[in-house]
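Model, not experiment: these values are computed from the prediction. By convention here, the first residue in the shown sequence is residue 1.
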Amino acid sequence: MKEKVILAYSGGLDTTAIIPWLKENFDYEVVCCCIDCGQGNELDGLEERAKLSGASKLYIEDLVDDFCDNYIIPCVQANAVYENKYLLGTSMARPAIAKRLVEIARKEGATAICHGATGKGNDQIRFELGIKALAPDLKIIAPWRMTDVWTMQSREDEIEYCKQHGIDLPFSADNSYSRDRNLWHISHEGLELEDPANEPNYDHLLVLGVSPEKAPDEGEYVTMTFEKGIPVSVNGETMKVSDIITKLNELGGKHGIGIVDIVENRVVGMKSRGVYETPGGTILLEAHQQLEELVLDRATMEVKKDMGNKFAQIVYEGKWFTPLREAVQAFVTSTQKYVTGEVKFKLYKGNIIKAGTSSPYSLYSESLASFTTGDLYDHHDADGFITLFGLPLKVRAMKMQELKK
């Protein structure tokens, strides 16, 4: 009886070519597993393609709500943004995918999991750290790193390989952007983006929306409500998180929101340049931060900012299934107890403009913030506070004066 391998299958040229390659070089029975994290029509026709390529079975697993509720929301609550720009769209999805691949491997009695990530990227790390943490006994096969066996170096090579194995599929050898899409975002790499000196060709590149220049000349108001840091409604309509993100993607794409051009530092040590479209995610993070401004005290916000950066690094590096992620997330969750309220803003040509925020737990006091002296604040109290707060500065300055004499 042949051993089984679970292939993380997208239906693209790479993973299609991997199916006969696994059978030819390892004599595996190949079970394909496509994880749906909201990539839309990319899933069309996958079953026929997988079977035609030699797979014995194809799983198409709907992980959209799991992805939103258990991976996206913790990152939103943490305000986790890698290097101040990247909203972790691909990074958040990989642990969810790895977990389901392991579950399918256990169900099928497989001995190995195979992925099509390259040897230069971050995804190989994210997939493999997830698999190692959940199933250390399973073998991991990464064809692009097995250069003694995997000899294909281009799309042309892969197409020819498929044809040699009786697989004639509608793939072209033309160069196009390398993309990764899910409900949260779509990433673009390649072509003119490979040179950071080049301006992106947005007319050719954008998928989820338009550039700010092509957005409507009229702004659009949006109202959102949150309960304990979780979004629950848009414009008065209560929805589950995945539907809220879908709605915000539509609104954000229309108004040119969430387009980021970044040169980021990959885990493997190189810099890479890409353009990310995250229209709904950008709105959701901004709305959440606006509400936190009202509710969280200064000291908590200071620490939470550091924890958010740490959380982003943990997720980016593929360390989701670790005690550290659990600990940082526990802190973040504790800060969300009172992040409840309503946020209103206007979308206009790439901008998210505040239009009013309210919360029953708001720490903002109009009487304290106004210039009028109230019962809680006596201006004279500031004298002693500044004297003590500035005492180290004054002592140092006095010492320096003394040394100069």
Could you tell me whether the side chains of R49 and T16 share a donor-acceptor contact shorter than 3.5 Å? no
For H188, the ring-ring contact (aromatic ring centres under 6.0 Å, His included) test, sequence neighbours excluded, returns none
Considering all heavy atoms, the nearest P95-W320 contact: CB-CB, 3.6 Å
Can you pull the salt bridge (Lys or Arg N to Asp or Glu O under 4.0 Å) pairs that have at least one residue in residues 229-244, sequence neighbours excluded? D65-K240
Without swapping roles, check the side chain of T225 against the backbone of V232 for a donor-acceptor pair under 3.5 Å. no
Should the pair E189-R266 be classified as a salt bridge under the 4.0 Å nitrogen-to-oxygen rule? yes
Contact between K99 and L63 at the side-chain level, heavy atoms closer than 4.5 Å - yes or no? no
Nearest non-hydrogen partners of C68 and L183, listed with the distance: SG-CD2, 3.5 Å
Is a salt bridge present between E292 and K304, judged by a nitrogen-to-oxygen distance below 4.0 Å? yes
Are Y86 and Y276 near enough that their ring centres are under 6.0 Å apart? yes
Is a donor from one side chain sitting under 3.5 angstrom from an acceptor on the other, for T90 and D180? yes
In terms of side-chain geometry, is the basic nitrogen of K132 or E128 positioned less than 4.0 Å from the acidic oxygen of its partner? no
salt_bridge(K349, D217) N-O dist < 4.0 Å: yes
side-chain contact (heavy atoms from CB on, under 4.5 Å) with D14: which residues, sequence neighbours excluded? W144, E158
Output all residues satisfying ring-ring contact (aromatic ring centres under 6.0 Å, His included) with W184, sequence neighbours left out; order by chain, then residue number. none
Side chain to side chain contact (heavy atoms under 4.5 Å, CB included) with I18: of S53, C32, C114, only one passes, and it is C114
Pairwise side-chain contact, T118 with Q124, heavy-atom cut-off 4.5 Å (strictly under): no
Among residues at least two apart in sequence or on other chains, which ones pass ring-ring contact (aromatic ring centres under 6.0 Å, His included) with Y82? Y316
Is E286 salt-bridged to K354, cutoff N-O under 4.0 Å? no
Any ion pair linking E264 and K85 (charged N to carboxylate O, less than 4.0 Å)? no
Minimum heavy-atom distance F67-C37, with the two atoms named: CD2-O, 3.7 Å
Return the minimal non-hydrogen interatomic distance between G281 and N249, and the atom names on each side. N-OD1, 4.4 Å
Between R100 and E103, does at least one N-O distance fall below 4.0 Å, as a salt bridge requires? yes
Checking K2 against Y28: charged group under 6.0 Å from the ring centre and within 45 degrees of the axis? no
Non-neighbouring partners of H255 that pass ring-ring contact (aromatic ring centres under 6.0 Å, His included), sequence neighbours left out: none
State yes or no: are the ring centers of Y377 and H379 separated by less than 6.0 Å? yes
Give me the ring orientation class for F26 and W21: parallel if the planes are under 30° apart, tilted from 30 to 60°, perpendicular past 60°. perpendicular
